[in-house]
Every structure is written in structure tokens, then in C-alpha cells.
Amino acid sequence: MRAALKATAPAAPRTEAQLLARAHALAGRTIGELGGEAGIALPPDTRRDKGIIGDLVEWALGADAGGADAPDFTELGVELKTIPLGPGGKPKESTFVCTIHLDDAGDLEWAQSRACRKLARVLWVPVEAGPELPLAQRRIGAAVLWTPSEAQEAALRADWEELSGLIGEGQLDQITAHLGACLQVRPKAANARVRGNARDAGGAPVRTLPRGFYLRTSFTASVFAEPDA
DNA sequence: TATTGATCATGC
DNA sequence: GCATGATCAATA
């Protein structure tokens, strides 16, 4: 999504240090302040504008991918993810990673996968969340520029290989969000009637609900518990 | 109440 | 339709 941001965004950061400095400068600021600077009127809540916070932070930091299948900061190869934190500092929601190409999921290596590329370098920007907290009052927290530790990448890879393997074998019907210790497969569509291309166990084309990879909250919590991990 | 499955908005 | 940005809300 792309909100109707009226004000001019800052130029894309040229170095990771510059990006991180900008992100740190956002700590303590509110979504209301960002909305004002961007020149937009905030919606009353996020029910109809679920991506509004992500859009505002993208704008404030100078993300330049603009809806393309590329890192948010194209020159730096850094992906931006805002993450809602509850009162206890724990993630309140899972994190969408990418959609899954269901018709050729078995033909790829982890290292070349979209999931791996998206997660190779991520700037996590935590934002206070909770239905009791008005959108404009939600504060931005301390950003973390992250690369998976060896253990984290191994866990991600194991889940990805298991899930991609099942999809590649046409076992999509057996995949639920219960699978995967850190990475899970869930629907990613406008509604449950949407169909996309996949393959059955015999390799024949079938139409099914589009899916995406998501990070469990227990995994993203480890990002903030071990910034250097 | 945590989690899974479903959904909302927008651009091309 | 699929990519971007995610959160909602029914259910276990």
C-alpha cells in the first residue's frame, strides 16, 4: 500500500550509518507527529489502513523501493519492517515476509529464495501497539539493524526447506500455520475466494489460495532480546 | 488469550 | 493477479 503522502520525503540514505542515525532519531517520536510532517490525516484506527504505520516510517526514513520487489533501501540492500510491540515489549503480531510462488516452490535453494534475501538485512522499527492506544499517540522505539545469527538462519532455513519441500511435492493441503518453528505459511490474499497457481501431488496445475511466509512472534522477539545475535 | 486463517488498501 | 505495507477477528 502507499498512503497519500503529501510532503516530500527525505532522500534515500547513502550508508547504513546514515540510515541507522535517522532511525534512532525517530525513537520516542509518535505516529501523530510523523503523520503531521508527512502531510496526511491519520485514520481513526488501523482497521482499514493496516499498512499506514509502515508507510509513514518508510517515508520518514527515505525508503526508495516504491512498491517494487526490491529491498526498501535499494542502494543499501536493507529491508524495513515495522513491528508492533505490546506493553511488555513483546511483538503483538507475526511479520509478513513474502508471498510464495506455489507453482515452483520446490525448484529453489534457500540461499536464492525470496525469504532468505528479504531477511538477510532488516531494519526493525518497533512501534507501540494495542487497540487501547490511539494511533496518533503510538511511540516509535529503538530500531535494530539486524542480520540473522548462524543459529537463526539455520532455523529459518530448516523451516523454509520443510515447507517449500511440501509445497513442491504438491502437499499444500497438509500445510497449516501450525508448521514451522519460526517461519510459518499462512494465507496472503484479499479474501478466501482468491485463487492462484499451484501444483498437485502429480505436478498438474491447480488453483488455490495464495500463501505467504510469516515470522512467528517468538522469533521476532529474539531479535530484540539479542540485537547482536 | 494466543494463534490461525482471513482480511484491508493501493499501484501497476 | 501479485507486489507492496500489515492487522483483524474467529477459533481452539
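In what follows, chains are A, B, ... by sequence order, proteins preceding strands, each numbered from 1. Both backbone and side-chain heavy atoms feed into the values below; hydrogens, waters and symmetry mates do not.
Rounded to an integer number of Å, the gap from Ile83(A) CD1 to dG5(C) P is 14 Å. For the pair Ile31(A) CD1 and dA6(C) C1', the interatomic distance rounds to 13 Å; values are reported in whole Å. Atom CZ of Arg207(A) and atom P of dG1(C) are 6 Å apart (whole Å). Atom CG of Asp55(A) and atom P of dT7(C) are 11 Å apart (whole Å). Atom CD1 of Ile175(A) and atom P of dG5(B) are 11 Å apart (whole Å). Across the protein-nucleic acid pair, Ile53(A) atom CD1 and dC8(B) atom P stand 19 Å apart, rounded to whole Å. Between Asp45(A) atom CG and dC8(C) atom P there is a gap of 8 Å when expressed in whole angstrom units. Nucleotide dA6(C) holds its P atom 10 Å from the NZ atom of Lys118(A), rounded to whole Å.
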Under 3.5 Å donor-acceptor pairs involving side-chain atoms of residues 85-107 of chain A, not counting sequence neighbours:
residue, atom, partner, partner atom, Å
Ser94(A), OG, Arg186(A), NH1, 3.0
Ser94(A), OG, Arg186(A), NH2, 3.2
Thr99(A), OG1, Arg114(A), NH2, 2.6

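Without hydrogens or angle criteria, Asp49(A) side chain to Pro43(A) main chain gives no donor-acceptor distance under 3.5 Å. Checking side-chain atoms of Arg138(A) against main-chain N and O of Pro84(A) turns up no donor-acceptor pair under 3.5 Å. Remark: the backbone N or O of Ala177(A) is paired with a side-chain donor or acceptor of Gln184(A) at under 3.5 angstrom.
When heavy atoms are screened at a 4.0 angstrom cut-off, Leu209(A) is found touching the sugar-phosphate backbone but no base atom. If you check every strand for non-hydrogen atoms under 4.0 Å, Arg211(A) touches nothing. Residue-level contact check: Pro84(A) touches the backbone only, with heavy atoms under 4.0 Å from sugar-phosphate atoms and none from bases.
An OP1 or OP2 oxygen of dC8(B) is reached within less than 4.0 angstrom by no side-chain nitrogen or oxygen of Thr46(A). Proximity of Arg48(A) to the phosphate of dC8(B): no side-chain N or O atom is located under 4.0 Å from OP1 or OP2. Considering only side-chain N and O atoms, Arg186(A) lies nowhere under 4.0 angstrom from the phosphate OP1 or OP2 of dT3(B).
Each salt bridge (Lys or Arg N to Asp or Glu O under 4.0 Å) pair with one or both residues in residues 19-45 of chain A, not counting sequence neighbours, appears once here: Arg29(A)-Glu33(A), Arg29(A)-Glu37(A). For the salt bridge (Lys or Arg N to Asp or Glu O under 4.0 Å) condition, no pair includes a residue of residues 188-210 of chain A, sequence neighbours left out.
Side-chain proximity of Ala177(A) to the nucleotides dG5(C), dG5(B), dT3(B) is greatest for dG5(B). In the set dA9(B), dA6(B), dT4(B), dA6(B) carries the atom at the smallest distance from any side-chain atom of Lys50(A). Relative to the side chain of Arg47(A), the nucleotides dG5(C), dC8(C), dA9(B) differ in distance, and dC8(C) lies closest. Closest to the Arg216(A) side chain, of the nucleotides dG5(C), dT3(B), dA6(C), is dT3(B).
When each of Pro210(A) and Gly54(A) is assigned the nucleotide of DNA chain C bearing its nearest heavy atom, the one mapping closer to the 5' terminus is Pro210(A).
In this structure, Gly32(A) and Leu42(A) approach most closely via the heavy-atom pair CA-CD1, 3.7 Å. Listed here is the closest heavy atom pair of Leu61(A) and Pro10(A): C-CG, 4.3 Å. Taking all atoms of both residues into account, the shortest heavy-atom contact from Glu16(A) to Val78(A) is OE2-CG2, 3.8 Å.
Dense packing is recorded around CD of Glu75(A), with more than 12 heavy atoms of other residues, nucleotides or ligands lying under 6.0 Å away.
Leu133(A) and Ile83(A) fall into different hydrophobic clusters, where Ile, Leu, Val, Met, Phe, Trp and Tyr side chains are chained together by heavy-atom contacts under 4.5 Å.
Remark on the helix from dT1(B)-dA12(C) to dC12(B)-dG1(C): inter-end axis angle 30°, axes from five-pair C1' superpositions, rounded to 10°.
In this structure, Trp146(A) and Trp124(A) have perpendicular ring planes: the angle between them is above 60°, well past the 30° mark.
Annotation: proximity of residues 85-105 of chain A to DNA chain C (heavy atom, distance under 4.0 Å) is found for Glu93(A), Ser94(A), Phe96(A), Thr99(A), His101(A), numbered in ascending order. In the region residues 189-199 of chain A, proximity to DNA chain B at under 4.0 angstrom, judged on heavy atoms, holds for Ala189(A), Ala190(A), Asn191(A), Ala192(A), Arg193(A).
With a 4.5 Å cut-off on side-chain heavy atoms, Ile140(A) and Ile53(A) do not count as touching.
Contact annotation: side chain of Lys188(A) to base of dG5(B), donor-acceptor pair absent below 3.5 Å.
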